[in-house]
Amino acid sequence: MSALADQPYVKMNGLGNEIVVVDLRDRPDKLTADDARAAARPEGAPFDQLMVLYPARTPGTDAFVRIYNTDGSEAGACGNGMRCVADIVFADTGKTALTFETRAGLINAWKGAEPLVSTVDMGAPKFGWRDIPLAEEFRDTRAIELQIGPIDAPILHSPSVASMGNPHAVFWVDDPWAYDLDKIGPLLENHPIFPDRANITLAAVSGPDHLTMRTWERGAGLTKACGSAACAAAVSAARTGRTGRHVRVTLPGGDLVIDWRERDDHVLMTGPVEYEREGRFDPALFAGAAAS
Ligand SMILES: N[C@H](CCC[C@H](N)C(=O)O)C(=O)O
C-alpha cells in the first residue's frame, strides 16, 4: 500500500511555484518515486514539487525533508517549497526558527516580519565543475562553453553555472520572454554536459540590483517560480559583476529578495507563501503505482 493512500496533504504555493506538502512525521511509511508520479496526476494533487516531511534524523533538526519533481526524480533543494514547509512547522511548533535536513544538507528557516513571509538559508553555492556537476572540466564556471542554435549565430550561449544543492545553468539575455523556453528548456536540461541534468534559467539584468528571469525546471518543466534558480541567478550575477550581492529577483509569479551573505557565503532567500487547500489522496490513484 502506498504511503500516500488516504494521506492528507496541503496544497500551497510560493510565488505560484505549485507545492504539495505531505507530513509523514508520525508515520513509519516511506514514499517511492512511483507514488510521487501518481500523486502528480490531474486526478491527484498536481504540483511542481512534492515536499515530504519525515521524522528528524539528526539531533537539533526539526524534520527530514525529501523533495520530488513531477517525474518522480528527487531534488536536493527547493527554495519555495522549503518556505511552505517551514510555515507549516512554524504554525505547529510555535517556533520562529527551524532547521531542516535535506539530501543537500541542513537548511535553516526564519519567520519573516510579515505573516506568510519567511527567509530560507539555502547554504553556500558551489561553483566547481565537479560539484554542479558538469561532464568535463571547466576552470571558470562564470561562463562555460555551451551554445544552442547555429554555430555562428547561437540562440543562447555561455551560461553561468552553479549548484545550490541542485544544478543550475543561467543564460544572460535581454528579454527572458523572447525565447521558446518550453522547446529549448528540455534540450538544455538533458544536454550531455549536465550528467545529472540541470535547471535552465533565462535571466536579464533589469537594474543595478534587480534581475528578471524565467526557469525551465529539471524534472518539472516551466514553473511560475523557482527559488533555487533565483539564488543561482543572483550569485552568478554578482560573481560576473552584473549586480551586487543583494538583489530583487522578479519571476513570473512575483518577487524574491536574495542576499548573498559576505560573512559565510550563504544565500538567503526571502519571499511569501500561500495556502490553497487541504485534501486527501485517493487510494485508487496508487493501485497502478503499487503494482509497477
Ligand atoms: N522549485 C524549486 C526547485 C526545484 C528543483 C528541481 N526542479 C530540481 O533541481 O530537480 C525551488 O523553488 O527551488
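Counting starts at 1 for both ligands and their atoms, in listed order. Just so you know, residue 1 is the first one in the sequence shown, and it goes up from there. Just so it is clear, the values below take in all heavy atoms, side chains as well, and ignore hydrogens, waters and symmetry mates.
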**Request:** Ignoring hydrogens and angles, tell me if any N or O in the side chain of R214 forms a donor-acceptor pair with the backbone of K224 under 3.5 Å.
**Result:** no

**Message:** Other members of the hydrophobic cluster containing W177, with the 4.5 Å side-chain heavy-atom rule, please.
**Reply:** none

**Qualifying residues under side chain to side chain contact (heavy atoms under 4.5 Å, CB included), relative to K111, sequence neighbours excluded** = F90, T96

**Message:** Looking only at side-chain N and O atoms, does S163 offer a donor or acceptor that is under 3.5 Å from a partner on H168?
**Reply:** no

**Request:** For D29, check salt bridge (Lys or Arg N to Asp or Glu O under 4.0 Å) against everything at least two apart and list the hits.
**Result:** R27

**Message:** So if I only count non-hydrogen atoms and take anything under 4.0 Å from ligand 1, which residues does that give, chain by chain?
**Reply:** N17, Q49, N69, A75, A77, C78, G79, N80, N166, N199, E217, R218, C226, G227, S228

**Message:** Ring centres under 6.0 Å, that's the criterion: do F281 and Y9 meet it?
**Reply:** yes

